[in-house]
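Please read the structure below before turning to the comments.
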Amino acid sequence: LRLENRRWEKSYFEEGRDYVLNSWSTGQEVDLEDAFHFHKSLPESKRAYCKLRAGQEEKRIYLQPRAGVALLSEHIELLSELESKGEADFLPTTIDSYTRQNRYAEAARGIEESKAAGRSLLNGLPAVNYGVANCRKIIDAVGSPVQVRHGTPDARLLAEITLAAGFTDFEGGGISYNIPYAKDVPLERSLFDWQYVDRLCGLYAEEGIIINREMFGPLTGTLVPPCISHAIGIIEALLAAAQGVKSIAVGYGQGGNLYQDTAALRTLGRLGRDYLDRYGFQDVLLTTVFHQWMGGFPQEESRALGVIAWGAATAALAGVNKVIVKTPHEALGIPTAEANIAGLLCTRQLIRMLGEQELAKTPYLKEEEYMIEREVEEIISKVFELGEGDLAVGTVRSFEAGVLDISFAPSRCTRGSIMPVRDKDGAIRFLNTGNIPFSKEIKDFHQKKIKERADLEKREPGFRMVIDDIYAISKGRLVGKPR
Ligand SMILES: CCC[C@H]1O[C@@H](n2cnc3c(N)ncnc32)[C@H](O)[C@@H]1O
């Protein structure tokens, strides 16, 4: 397999398509001409790209939950409730874990067992097993755009089926849906398979049907430094734009410190736009997505709602195009419709109450923005250098060298040499920068910030501090202080 960051010829795309469509029986339902026809019948209110573009112009902050259950009728009922009672602006369809691993036979068994049990025994909708006609029922039943959310290293068939069914938004990427979600999938493989997905979106775009592609910024959801999330989101955005994608959303997972998260969201929008323009993609719509806290949650629902409210407040004060909302069942498991609605309405209340307020540009905020921009620039320039100009090749070599690195990930593709820890204000810093070739200025900044906390807590910075931070929020605080 020859990985190269160059738009696939349509003939090259067609070469691999039979294999993909034959990998499960429902693949035979996919007919692109019919798919284009169905998309053209959709009103603008059901097209993610149109709604995102309008929202960006009107400076709206959209809300979207996660949701997915095994049985189609229950899934449709759930999405309808999230739209009507939860006031969701965008609807999800979270795909189950078997489907994410291309294990469709087991997903099929999950459907049968769920029918027998009278409740969902899968952690999402097995969309590949249902196929195009069935999934179209979802799109016909609701009034908002529906997005596919999953964690699939090889999402080629899932994309073919759900896009043909009328989904107008597809999350994921060759890095962000491999490293946090798989152990042994080579990066070349997932980057290549996601070029297929992006080239398919490019074929839709050539018909005037613009599918939005959202990059999964939070990664492992465990103390991810903003520059890591940003660098990977921007790389996935550039690789997608190269295949003809015309609408891209880059995501970021809440860290918990208001100034750092605000700096992260504001630099994400600026850097994303700057890199897309620098590489000739001025015609690509870019929006930003904020994920409410992705780490461990408190068990009690009232405390969980406090975490959700903090994520909502941060989004409102920082400014972002869309918020992915958590639920008070986060520490328990798959949320009920009621819990999902509670998270949405709690978030909506904060967004509305803070609508007239914005965070002042303090020197602290400016410094956070400066550091993130410098860190991202230093990482991405090294990735291009290692790839001798080819971003896809550079990405693979950068993970091998540790220039790109993600801690706490299951994947063998990443070294896991970097180590994050919070500073005294709760901002996420690098305890260890691994093989990331940051300048001395950057490294010194992180060391200084961590030393301030170590002095305050009268203990050495180290792994004990990291563990304390990982459990802190579920124990009711942000910084994992020793007592
Ligand atoms: C990024 C994935 C982690 C988040 O995704 C939520 N999540 C996973 N699967 C479902 C589902 N089937 N319905 C509602 N939320 C779901 C988890 O709770 C967590 O917050």
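Along the sequence shown, the residues carry numbers beginning at 1. In listed order, ligands and their atoms are each counted from 1.
Interface atoms of ligand 1 facing Phe216, defined by a heavy-atom separation under 4.0 Å, are 1 (C). The contact set between ligand 1 and Ala67, taken as ligand atoms under 4.0 Å from a residue heavy atom, comprises 13 (N), 14 (C). In the vicinity of Lys326, heavy-atom distances shorter than 4.0 Å reach the ligand 1 atoms 19 (C), 20 (O).
For atom 14 (C) of ligand 1, the nearest non-hydrogen atom from the set Glu171, Arg66, His150 belongs to Arg66. Of the candidates Leu122, Thr327, Asn123, it is Asn123 that places a heavy atom closest to atom 9 (N) of ligand 1.
Not one N or O of Tyr181 is nearer than 3.5 Å to an N or O of ligand 1, by distance alone. In terms of N/O distances under 3.5 Å, ligand 1 is approached by Glu330. The shortest N or O to N or O distance between Ile334 and ligand 1 is not below 3.5 Å.
Judged by a 6.0 Å distance limit and a 45° cone about the ring axis, Arg415 is not positioned over the six-membered ring of Phe399. Stacking of Lys322 on the aromatic ring of Phe90 is recorded, both the 6.0 Å distance cut-off and the 45° axial limit being met.
Here Lys115 does not pair with Glu74 in a salt bridge; the nearest charged N to carboxylate O distance is not below 4.0 Å. Contact check on Asp193 versus Arg189 returns a salt bridge, with a Lys/Arg side-chain nitrogen under 4.0 Å from an Asp/Glu carboxylate oxygen. Electrostatic pairing of Glu236 and Arg213 does not count as a salt bridge here, judged by no charged N lying under 4.0 Å from a carboxylate O. Electrostatic pairing of Glu368 and Arg429 counts as a salt bridge here, judged by a charged N lying under 4.0 Å from a carboxylate O.
Remark: Glu87 CD is packed, more than 12 non-hydrogen atoms of other residues, nucleotides or ligands lying under 6.0 Å away.
The closest approach between any non-hydrogen atom of Met294 and ligand 1 is below 4.0 Å.
In Pro335, the part holding a heavy atom less than 4.0 Å from any atom of ligand 1 is the side chain.
When only non-hydrogen protein atoms are considered, atom 8 (C) of ligand 1 lies nearest to Thr94 CG2, 4.3 Å.
Between Phe297 and His329, the gap from one ring centroid to the other reaches at least 6.0 Å.
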